[in-house]
2 protein chains.
Amino acid sequence: MDRIQLQNSFEAYFNELGYGIDWQRLTVRMDVHVIRKGDYLFRQGDFANRLYFLHSGLVRYVSISDEGKEFTQTFAKGPRIIGSTKAMVTETRTLFGIQALEDSMFSSYPWQVFYEQMRHDIGFLECYAKFLERIFITKEERENAFVKYSAERRYLDFCAAYPELKDSIPQQQIASYIGITPVALSRIRQRLKLARG
Amino acid sequence: MDRIQLQNSFEAYFNELGYGIDWQRLTVRMDVHVIRKGDYLFRQGDFANRLYFLHSGLVRYVSISDEGKEFTQTFAKGPRIIGSTKAMVTETRTLFGIQALEDSMFSSYPWQVFYEQMRHDIGFLECYAKFLERIFITKEERENAFVKYSAERRYLDFCAAYPELKDSIPQQQIASYIGITPVALSRIRQRLKLARG
DNA sequence: AGAAGGAATTAACCTAGGTTAAGAATATAG
DNA sequence: CTATATTCTTAACCTAGGTTAATTCCTTCT
């Protein structure tokens with residue numbers, strides 16, 4: 001896959017959010033990253049001020065507490081925009097890292113320059129707003145699930161929402177996504193198995 | 001406070017997020033709401049498809065689980081934009097209600113019409129994107145706190161972040177904001193009192 | 001001021017999930 | 001095809017926070 005193809009698939013993805021983005025304005029150079037399963041695109045605490053586009057592969061957003069416990073915030077499958085909105089927009093350190101769960105390919109732009117070049121295009125701004133709406137709503141729904149439902153219910157919802165991930169990633173990562181330990185998840189699965197007869 | 005003043009303070013608030021919004025485009029009629037302490041602006045499960053501006057007063061976003069337990073997602077003090085982004089944007093039911101903690105005054109617009117009139121203005125779109133960035137980052141930081149810190153730590157952080165609320169709202173609402181019961185919060189406060197000697 | 005309805009505290013008990021550790025089941029590498 | 005390392009399960013025990021309920025403390029209303 002060459003740079004032109006990468007560029008095109010990124011533009012196509014973003015264009016789908018709205019109408020008529022003027023990509024001619026974008027002159028800043030794109031970087032290309034290829035990382036292997038298990039490696040990190042960036043780590044928690046980095047100044048990850050780039051906009052990343054995941055072309056192919058699978059990643060998770062993972063944050064680690066002071067005591068070293070991992071928590072998976074999101075799974076993301078390409079093609080999709082990824083990155084830390086907070087770190088990009090406010091030029092601060094990230095609250096999470098991004099780890100590849102499969103070999104993955106990304107392109108990226110420095111956000112401040114990208115935004116400065118594109119913010120004068122109304123088509124871009126509308127797509128950017130749509131993108132932000134979408135990720136905000138996702139967070140709203142996830143907060144809701146966390147607050148209202150038990151770990152067992154969240155596990156069942158996860159299996160329904162990500163049937164393709166359910167069996168293809170380690171259970172400890174599912175556990176860290178629903179906010180419990182692998183041991184607790186194993187117990188829940190045991191309980192469900194018995195309940196099913 | 002008359003309608004013109006309400007309109008002006010809303011525009012001033014939104015203008016601060018960026019430059020040069022063309023408010024002439026906005027011709028749809030604004031509604032005005034006044035509600036008393038304890039009452040709801042809208043309830044969880046409503047189609048709250050309006051953009052609300054809280055001019056004065058204090059509200060909380062509260063969601064209630066199937067078992068009837070309350071969880072406070074946000075406290076918001078005027079002047080500020082409030083409402084459910086999800087319900088507005090996707091025309092679905094809200095996941096939370098908005099309750100006044102003090103007598104409060106709002107204005108509101110039907111979002112779909114508002115957006116249709118304003119989306120052709122680049123100044124508005126940029127402000128809207130900035131607004132979305134801001135609320136997204138707030139959620140990102142709160143998710144982080146929930147996942148990484150104990151209830152005690154979240155309580156201390158709350159006291160530091162909202163010193164003015166700490167003593168002016170019922171403790172049960174602080175408890176529901178940090179995600180525990182009033183009884184548990186009382187225990188934590190007791191423990192902290194002892195620790196301080 | 002007195003009555004009444006919340007709000008906060010405290011205590012006793014319960015439970016979901018955490019912790020540690022050992023064994024069984026899979027992967028992955030050589 | 002072993003050997004080594006992960007991952008998953010299971011069990012025993014622990015802990016933070018939930019539940020219920022009684023008691024005290026504030027408000028607020030008349």
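Every chain is numbered from 1 and lettered A, B, ... according to where its sequence line falls, protein lines coming before strand lines.
Note: CG (A:D167) to C1' (C:dT26) measures 14 Å, nearest angstrom. Atom CG in B:L185 sits about 10 Å away from atom P in D:dG18, given to the nearest Å. We find that CD1 of B:I188 is positioned 10 Å from P of D:dA16, with the value rounded to whole Å. In this structure, CZ of A:F71 is placed 12 Å from P of C:dG18, rounded to the nearest angstrom. Atoms CZ (B:F146) and P (D:dG17) sit 11 Å apart, rounded to a whole Å. To the nearest angstrom, P of D:dA16 lies 17 Å from CZ of B:R153. Spacing between atom CD of A:E70 and atom P of C:dG18 amounts to 15 Å, rounded to whole angstrom units. In this entry the distance linking CD1 of B:I180 with P of C:dG17 reads 17 Å, nearest Å.
In the helix from C:dA1-D:dT30 to C:dA22-D:dT9, the end axes, each obtained as the rotation axis mapping the C1' atoms of four pairs onto the next four within a five-pair block, lie 40° apart to the nearest 10 degrees.
The side chain of B:Q190 contributes no N or O atom lying less than 4.0 Å from OP1 or OP2 of C:dT9.
As a member of the Ile/Leu/Val/Met/Phe/Trp/Tyr network built from side-chain separations under 4.5 Å, A:Y149 groups with nothing else and remains a singleton. Applying the under-4.5 Å side-chain rule to Ile, Leu, Val, Met, Phe, Trp and Tyr, the cluster around A:F71 extends to A:F146, B:V147.
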Taking N or O atoms only and anything under 3.5 Å, show me the protein contacts with nucleotides 19-26 of chain D, one pair per line.
none

All N/O contacts under 3.5 Å from nucleotides 6-8 of chain C to the protein, with atom names and distances to one decimal?
unit_1 : atom_1 : unit_2 : atom_2 : d
C:dA7  : OP2    : B:Q172 : NE2    : 2.8
C:dA7  : O5'    : B:Q172 : NE2    : 3.4
C:dA8  : OP1    : B:Q171 : N      : 2.6
C:dA8  : OP2    : B:Q171 : N      : 3.3
C:dA8  : OP2    : B:Q172 : N      : 3.3

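The distance between the ring centers of A:F53 and A:Y13 falls below 6.0 angstrom.
In this structure, B:D22 and B:F124 have side chains that are not in contact, with every pair of non-hydrogen atoms separated by 4.5 Å or more. Residues B:S108 and B:H33 are in side-chain contact: their nearest non-hydrogen atoms beyond the backbone lie under 4.5 Å apart.
Between A:R189 and A:E152 no salt bridge is recorded (no basic side-chain N to carboxylate O distance below 4.0 Å). In this structure, B:K37 does not pair ionically with B:D39, as no charged nitrogen and carboxylate oxygen lie closer than 4.0 Å. Salt bridge annotation for A:D46-A:R43: absent, with no cationic side-chain nitrogen under 4.0 angstrom from a carboxylate oxygen. Salt bridge annotation for B:R154-B:D157: absent, with no cationic side-chain nitrogen under 4.0 angstrom from a carboxylate oxygen.
Toward the 5′ end of DNA chain D lies the nearest nucleotide of B:A151, the other residue of the pair B:K37 and B:A151 mapping further downstream.
Heavy atoms only, all atoms of each residue included: A:Y128 and B:A129 are closest at CD2-CB, 3.8 Å.
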Taking only distance into account, with no hydrogens and no angle test, what donor-acceptor pairs under 3.5 Å do side-chain atoms of residues 134-144 of chain A form with protein atoms, sequence neighbours excluded?
unit_1 : atom_1 : unit_2 : atom_2 : d
A:T138 : OG1    : A:R134 : O      : 2.9
A:K139 : NZ     : B:E143 : OE1    : 3.0
A:R142 : NE     : A:Q73  : O      : 3.1
A:R142 : NH1    : A:Y177 : O      : 3.3
A:R142 : NH2    : A:T72  : O      : 3.2
A:R142 : NH2    : A:Y177 : O      : 3.0
A:E143 : OE1    : B:K139 : NZ     : 3.0

